[in-house]
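By convention here, the first residue in the shown sequence is residue 1. All values below come from the heavy atoms of this structure, side chains included, with hydrogens, waters and symmetry mates left out. These numbers were taken from a predicted model, which means no experiment stands behind them.
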Amino acid sequence: MTDRDVQFAGEASAGLASLVGDLFLKSGGQQFGLDCERFAAILEEVRAKYLPANTAPGAVQELYLSLRVEDLALARACAAGNERAWERFLVRYREKLYDVAGYITKESSSARELADSLYADLYGMSARDGQRVSKLTSYTGRGSLEGWLRTVMGQEHVNRYRKQRRLVSLDQESEEGVQYAAAEAEPLVAAEPRLEAAMDEALEALSGEDRFVLASYYLDDRTLADIARTLLVHESTISRKVDRLAKSLRKHILAALGRSGMSRRQAQEALEVDVRDLGLNIRTRLTQETATAAFPEKKSGAPAGDEGG
């Protein structure tokens, strides 16, 4: 490395440090007990999640500037148990979340139960190695905290619905004696490693809300209207989002398969297999924070007369 390269690297590093300081002041984190060093560590966690270690400082700066740093500081301070942060959080979001829960469940007692369950996860009722575990640590500032909370609540509602449905199904099977019948193993198609890698690459950058929409529509068979109610948007908005995501994923996967050495025809044939028939845990890939999966194209036309939200 030449002296000029060393000088340039030093200037870039200094510029990044200056930006972190400016963002810390903008975040207001100091009022919640965060110092600049801790805030810089939080930004580095976000950087490590979305960018490789050798990323140019300019790209890192671009990522940092795109973050909702006020929301990020509040969320992380709440996760750390700062009382002032929790007071601000409750004032800002408590009633909104109860309203969202009521809109989703359509029943007051269920809404209260859903919201309280989410608050427990956010506050961190469970512990790991003696430390409180808060779901808020998974918020990265890419998108508003309010939107992230709506998505998390919607996912919690879906999880509770799945659990209830499984329990009802087990009760029915017990009555019918189905649980004693030998289960027939469904044949699985061996996953092409290059397809698996392409799926990982394609969904790596998707937001939590996009993964929630895809899982709800393709894996849980929820209607567009149901998903729209959960996210408090118009049905036509979800219709367009599903179409856009499906087309974008397919294009991305085809390109990745091409780079892996597949011909265009081979790549298209690989995508003819429904990923739900592959020997891959698609649901796990979708529900993890960095989960990945691929979905077949599915017609999702909005009803005539719908106008976007």
Side-chain angles (χ1 to χ4, degrees), residues 12-53 55 57-100 115 118-156 205-212 231-232 288-290:
S13 178
L16 189 59
S18 177
L19 175 62
V20 170
D22 291 342
L23 292 177
F24 172 65
L25 293 177
K26 179 183 177 182
S27 75
Q30 63 272 21
Q31 63 185 308
F32 304 132
L34 290 177
D35 56 25
C36 191
E37 182 179 358
R38 175 56 188 146
F39 182 76
I42 293 171
L43 292 183
E44 172 57 21
E45 290 176 21
V46 177
R47 195 282 311 158
K49 182 177 183 58
Y50 296 107
L51 297 174
T55 299
V60 177
Q61 290 184 14
E62 184 178 352
L63 172 64
Y64 286 176
L65 287 169
S66 72
L67 301 178
R68 304 286 189 100
V69 290
E70 298 94 333
D71 286 352
L72 181 59
L74 177 62
R76 293 307 182 92
C78 286
N82 183 273
E83 291 186 8
R84 188 171 183 181
W86 271 111
E87 290 174 1
R88 177 73 59 82
F89 181 92
L90 292 175
V91 168
R92 185 176 297 178
Y93 299 114
R94 187 183 186 107
E95 291 305 317
K96 290 181 179 179
L97 289 182
Y98 279 129
D99 289 344
V100 172
L118 177 60
Y119 277 124
D121 287 340
L122 296 177
Y123 186 75
M125 300 301 289
S126 60
R128 182 184 303 152
D129 298 329
Q131 298 295 319
R132 191 177 64 196
V133 179
S134 168
K135 191 182 286 289
L136 283 165
T137 58
S138 63
Y139 173 68
T140 60
R142 299 189 77 184
S144 71
L145 180 56
E146 183 176 343
W148 180 85
L149 289 168
R150 286 200 307 266
T151 300
V152 171
M153 178 168 285
Q155 185 62 59
E156 175 65 18
L206 283 186
S207 68
E209 180 172 308
D210 285 346
R211 289 195 297 273
F212 169 70
L231 297 180
L232 301 181
Q288 289 176 343
E289 177 64 19
T290 56

Give the minimum heavy-atom separation between [X] and [Y], together with the two atoms involved.
X	Y	value
Thr55	Ala59	CG2-CB, 3.4 Å
Leu51	Leu63	CD1-CD2, 3.7 Å
Trp86	Cys78	NE1-O, 2.9 Å
Leu74	Leu145	CD2-CD2, 4.4 Å
Arg47	Val60	CG-CG1, 3.8 Å
Ala79	Leu136	CB-CB, 4.1 Å

Could you state the interatomic distance from [atom1] ([X]) to [atom2] ([Y]), rounded to the nearest 0.5 Å?
X	Y	atom1	atom2	answer
Glu70	Leu23	CD	CG	9.0 Å
Arg92	Leu90	CZ	CG	11.5 Å
Glu62	Leu19	CD	CG	11.5 Å
Gln155	Arg150	CD	CZ	15.0 Å

Throw together a table of side-chain donor-acceptor distances under 3.5 angstrom for residues 25-32, partners on residues two or more places apart or in other chains.
residue, atom, partner, partner atom, Å
Ser27, OG, Phe24, O, 2.7
Ser27, OG, Gly29, N, 3.1
Gln31, OE1, Arg88, NH2, 3.0
Gln31, NE2, Gly28, O, 3.2

> Among all residues two or more places apart in sequence or in another chain, which pass the side-chain contact (heavy atoms from CB on, under 4.5 Å) test with Val152?
Replying inline: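 Expected list: Leu118, Lys135, Trp148.
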>> Donor-acceptor check, side chain of Tyr123 to backbone of Ser134, threshold 3.5 angstrom: yes or no?
In response: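 It does not hold such a pair.
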>> Using a 3.5 Å distance criterion without hydrogens, assess whether the side chain of Thr151 forms a donor-acceptor pair with backbone atoms of Gly147.
In response: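 Present.
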Run the side chain to side chain donor-acceptor pair (under 3.5 Å) test against [X] and tell me which residues pass, sequence neighbours left out.
X	value
Glu146	Lys96
Tyr93	none
Glu83	none

> Does some side-chain heavy atom of Leu231 sit less than 4.5 Å from a side-chain heavy atom of Glu209?
Replying inline: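 They are in contact (side-chain heavy atoms under 4.5 Å apart), so the answer is yes.
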> Tell me, do Phe89 and Arg94 make a side-chain contact under 4.5 Å, heavy atoms counted?
Replying inline: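 In short, these two side chains do not touch, never coming nearer than 4.5 Å.
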> Do Leu67 and Thr140 pass the side-chain contact (heavy atoms from CB on, under 4.5 Å) test, and can you show the C-alpha distance, the side-chain angles, and the key distance before you say yes or no?
Replying inline: CA-CA 8 Å; Leu67 301 178; Thr140 60; 5.7 Å; no
> Should the pair Arg84-Glu87 be classified as a salt bridge under the 4.0 Å nitrogen-to-oxygen rule?
Replying inline: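 Salt bridge: no.
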> Passes side-chain contact (heavy atoms from CB on, under 4.5 Å), Lys49 versus Glu44? Steps please.
Replying inline: CA-CA 9 Å; Lys49 182 177 183 58; Glu44 172 57 21; over 6 Å; no
> Does Arg142 count as lying over the ring of Tyr50, i.e. NZ or CZ under 6.0 Å from the six-ring centre, within 45 degrees of the axis?
Replying inline: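 Judged by the rule, Arg142 and Tyr50 form a cation-pi pair.
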> Quick one: which of Val46, Leu72, Leu149 gives a side-chain contact (heavy atoms from CB on, under 4.5 Å) with Tyr139?
Replying inline: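 The side-chain contact (heavy atoms from CB on, under 4.5 Å) with Tyr139 is passed solely by Leu72 among Val46, Leu72, Leu149.
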Atom pairs and distances, donor-acceptor, side-chain atoms in residues 33-40, under 3.5 Å, two or more places apart:
residue, atom, partner, partner atom, Å
Asp35, OD1, Glu37, N, 3.3
Asp35, OD1, Arg38, N, 2.7

